Amino acid sequence: DSGVTQTPKHLITATGQRVTLRCSPRSGDLSVYWYQQSLDQGLQFLIQYYNGEERAKGNILERFSAQQFPDLHSELNLSSLELGDSALYFCASSVDQGVGYGYTFGSGTRLTVV
Amino acid sequence: DAKTTQPTSMDCAEGRAANLPCNHSTISGNEYVYWYRQIHSQGPQYIIHGLKNNETNEMASLIITEDRKSSTLILPHATLRDTAVYYCIVRVYNAGNMLTFGGGTRLMVKP
């Protein structure tokens with residue numbers, strides 16, 4: 001157990017639907033990062049939140065949004081889903097300042113769009 | 001963050017040392033070398049990091065050349081469980097932003 005909790009582990013949904021992925025960061029970590037990993041592809045950074053505020057944005061589609069709540073958990077919302085959105089979605093957390101060794105990843109949510 | 005170049009894939013016999021190279025010829029003086037690995041479909045896991053001295057921990061050793069333009073991650077006695085994609089990342093120590101992953105090296109440890 002890395003300390004970063006992601007739910008659900010698996011999600012199967014139809015095209016056009018909306019889903020919410022949840023992430024609870026490791027205790028004490030203020031930053032949350034979302035990554036997408038499509039089949040046999042690299043890890044693509046989507047978005048970062050720090051203590052409730054959006055800090056950085058990567059290649060995140062307009063159909064996707066995220067937020068970080070006062071208790072520091074984060075949710076990634078994916079809407080108008082397409083087949084190409086099928087992927088593993090990872091959440092990571094880090095302490096303030098994002099020291100390079102201090103990133104802890106969750107076990108991911110596998111999203112399948114049918 | 002400095003760009004890194006790694007071989008796409010490597011094989012290693014179980015019980016032998018696995019030596020994974022990384023080229024980072026444009027590394028700046030304040031950038032560290034970090035290694036993470038991703039075992040199939042799991043989240044990436046931190047392995048080791050260094051600035052210019054060689055480093056060793058319970059998982060691996062990191063050898064950085066004197067000019068810091070390349071490094072090698074060494075798994076001294078590879079096991080089947082070490083089969084994974086290994087990522088070499090170069091960045092400032094406390095950049096405060098996301099980790100950027102390249103393609104990494106897919107290490108296959110064979111019996």
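In the text below, chain A, chain B and the rest are named by the order of the sequence lines, each starting its count at 1. None of the values given here were measured: they were computed from a predicted structure.
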Undergrad: Would B:K52 and B:E66 pass as an ion pair if we require N to O under 4.0 Å?
TA: no
Undergrad: So, applying side chain to side chain donor-acceptor pair (under 3.5 Å) with A:S94, which one of A:Y50, A:Y103, A:Y33 is it?
TA: A:Y33
Undergrad: So, using side chain to side chain contact (heavy atoms under 4.5 Å, CB included) as the criterion, who are the partners of B:S28 when residues are at least two apart?
TA: B:N30, B:E31
Undergrad: What's the spacing between B:T105 OG1 and B:R37 CZ if we round to 0.5 Å?
TA: 14.0 Å
Undergrad: Using non-hydrogen atoms and a 4.5 Å limit, figure out which bit of A:L43 sits close to chain B: side chain, backbone, both or neither.
TA: both
Undergrad: Search all heavy atoms of B:L80 against all heavy atoms of B:E14 and return the closest pair with its distance.
TA: CG-OE2, 3.6 Å
Undergrad: Heavy atoms under 4.5 Å from chain B: which residues of residues 104-114 of chain A carry them?
TA: A:F105, A:G106, A:S107, A:R110
Undergrad: Measuring only between side-chain heavy atoms, which start at C-beta, is A:V32 closer than 4.5 Å to A:C91?
TA: yes
Undergrad: What parts of residues 6-24 of chain A touch chain B if we use heavy atoms and a cut-off under 4.5 Å?
TA: none
Undergrad: Nearest 0.5 angstrom please: B:K110 NZ to B:R16 CZ, how far?
TA: 14.5 Å
Undergrad: Given a cutoff of under 4.5 Å between side-chain heavy atoms of I, L, V, M, F, W and Y, with clusters grown through shared members, what are the other residues clustered with B:I63?
TA: B:I74
Undergrad: Is it the backbone or the side chain of B:Q45 that comes under 4.5 Å from a heavy atom of chain A, or both, or neither?
TA: neither
Undergrad: Just how far is it from atom CE of B:M10 to atom OG1 of B:T8, taken to the nearest 0.5 Å?
TA: 11.5 Å
Undergrad: Between B:Y86 and B:Y36, is the ring centroid distance below 6.0 Å?
TA: no
